[in-house]
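One structure is given here, and the rest of the page talks about it.
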Amino acid sequence: MTESIRRDGEYETPNPYPANPYQGNPVSPVNPEWPPPPAYRPADVYDGGTALLPRTPETPEAPGTPGTPEAFAQPAPEPQPAPEPRKRAKAKGPFALLAAVAIVAAAIGGGTAYGIQELTGKNETVASSTTTSVVPTGKTGDVATIAAAVSPSVVEVSATLNGGASTGSGVIISSDGEIVTNNHVIAGASSIKVTTSDGTSYTAKVVGTDSKKDLALIKLENASGLKAATLGDSDGVQVGDTVVAIGSPEGLTGTVTSGIVSALDRDVTVSTDESQQQQQQQGGGGWPFEFGGREFNGDTGSSTTTYKAIQTDASLNPGNSGGALIDANGNIIGINSAMYSAAAESSSDAGSVGLGFAIPINTVKADLATLRAGGSDS
C-alpha cells in the first residue's frame, strides 16, 4: 500500500488574499460618523432649493460625494396652510330667497293692487298697466265678466241746476268715495246726488274742476268700503281693441254696451262756458262738441277747449258722459265725454250712430293732483 506523505512547505500554494487584519476584531472599518448608505439609490436629486428634480443623465450630481449626507439629506417640506372654508354658497341663501320673493311678486303684479288696497285699508287710487287683468284668467274680453267686475265702480251722477237737472255718470277711484266725472255734468250744480250700482244714494260735493280738460272730481259724504276701479294705461290702447262702456244713458243706471276702439288722438272741442253747459243740460240734449270742423249736438259757444280723445263705436248716449270706457282686461282706459246723437223729429230715428269719444285715462291720472287741490278753475 502506497501512502501519500506531504512534508511541511511542500506543494504550498501562496494565498492570493491577504490576511484580514480585522478578522475577529469588533471594530467596523466604516467611519462611524457616516450614516449607513441607503438600500437603493434615490430616484430624485435634491437641487438645494425647494424643488425635487428627477435624476436624468443631464442632472448634475447633488452636492457632496454620492452616498454622503450632503447628497441625500433633504429638509422636511414646509406645511401648506389649510384652504379657507368656502362660504360663497351659504352667502347666496338670503339673496336667492329675496330673488325668489321678487319673482313671485312680479308674477302676481298689479293685478292684486285692489286686493292690497282693501286689506291695508288705504284709499289711494288703484292704477295699473293694460297688462293687468281685473277679470279672471280665461275671461279676457268677455263682456258679461267685465260688466260684473267693473259695474260696482261706476255710478250715476244727478246734478240739480237752477230750473233744471242734469244726469251723467262717474267712476269711483277710491274706496272712500272719490269720483271722476265730466265737468259739464256737474257745472253750475247747486246739489249733487250719486247712486251706486247697488242702489245706495249719497250726497256729493265738488272737490275740483278742470274745464279745459272737461274733468271734475267729486267726493261722496260718509262713504267707505266702495270698490275703486283699476285705472289702466291709455298709451297702450290700439285701434281695433275691444272695449266696454258702462254708464247711465237717459237715466238707465248701469247700462252696458260694447264695441272697439275706432280711432285714436281725435281732436275734440267742447265748451268751457258754464252758462252754455247749463242751457244744454236743461234742454235734455246731448253735450255739444266740435270735431273735424263740424259742430254736433248744438252750439259749443265761443269759449271752448280742445283735447285728444279715444274714438269708439260702442253705443254712447246722453247720460254716458263721465262713465267708464273699459278694455278687455277690465281696466279703465277712458272717461266717456262726448257722443253724437242724430237730430230727428221722431224718436224712431234717434239713437247712437257709433261715434263716441273718451278722455284718455292717462290724461285723467295726470290731472288728479290738480283736481284734488281744487282744480285749475279755482
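Note that the structure is predicted; figures quoted are calculated from it, not measured.
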Pair D214-V268, side chain to side chain contact (heavy atoms under 4.5 Å, CB included): steps then yes or no: CA-CA 11 Å; D214 195 19; V268 174; over 6 Å; no
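- Between G254 and S248, the shortest heavy-atom contact is N-OG, 3.9 Å.
- Looking at heavy atoms from C-beta onward, E156 lies in side-chain contact with T167 at the 4.5 angstrom threshold.
- Scanning all heavy atoms of the two residues, the minimum distance from M339 to S321 falls at CE-OG, 3.8 Å.
- Here the CD-CD1 distance, from E178 to I172, works out to 11.5 Å after rounding to the nearest 0.5 Å.
- With values rounded to the nearest 0.5 angstrom, T370 atom OG1 is found 11.5 Å from K212 atom NZ.
- Of all heavy-atom pairs between T145 and P136, the closest is CG2-CD, 3.6 Å.
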Steps toward side chain to side chain contact (heavy atoms under 4.5 Å, CB included) verdict (N183, L215): CA-CA 5 Å; N183 179 63; L215 291 173; 5.8 Å; no
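- Taken from CD1 in I335 to CD1 in I359, the straight-line distance is 7.5 Å, to the nearest 0.5 Å.
- Side-chain atoms of T160 and S191 form a donor-acceptor pair, as typed in the model, at a separation below 3.5 Å.
- Defined by atom type and a distance below 3.5 Å, a donor-acceptor pair is missing between the side-chain atoms of D313 and S262.
- Residues forming a side chain to side chain donor-acceptor pair (under 3.5 Å) with S201 (at least two apart in sequence, or on another chain): none.
- Taking both residues in full, the closest heavy atoms of A229 and S153 are given as N-OG, 3.5 Å, listed atom of the first, atom of the second, then distance.
- Taking each heavy atom of P360 and A309 in turn, the nearest pair found is CD-CA, 4.2 Å.
- V256 and S151 get closest at one heavy-atom pair: CG2-OG, 4.4 Å.
- For the pair N320 and T255, the minimum side-chain heavy-atom distance is 4.5 Å or more.
- Put simply, CG on L316 and CG on L355 are 9.5 Å apart, with the number rounded to the nearest 0.5 Å.
- The number of heavy-atom neighbours closer than 6.0 Å to CG of D198, taken from other residues, nucleotides and ligands shown, is above 12.
- For the residue pair S211 and D377, a side-chain donor N or O sits within less than 3.5 Å of a side-chain acceptor on the partner.
- Checked by atom type, the side-chain pair T203/E221 shows no donor-acceptor distance below 3.5 Å.
- D235 and N362 form a side-chain donor-acceptor contact under 3.5 Å, judged by distance and modelled atom types alone.
- Rounding to the nearest 0.5 angstrom, the gap separating the CD1 atom in I333 from the CD1 atom in I326 is 9.0 Å.
- Taking the side chain as every heavy atom from C-beta outward, T209 and I186 approach each other to under 4.5 Å.
- Partners of Y307 by side chain to side chain donor-acceptor pair (under 3.5 Å), not counting sequence neighbours, listed by chain and number: S337.
- Interatomic distance, Q238 CD to L264 CG, rounded to the nearest 0.5 Å: 8.5 Å.
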Residue pair D327, V237: steps toward the side chain to side chain contact (heavy atoms under 4.5 Å, CB included) verdict: CA-CA 8 Å; D327 68 10; V237 175; 5.9 Å; no
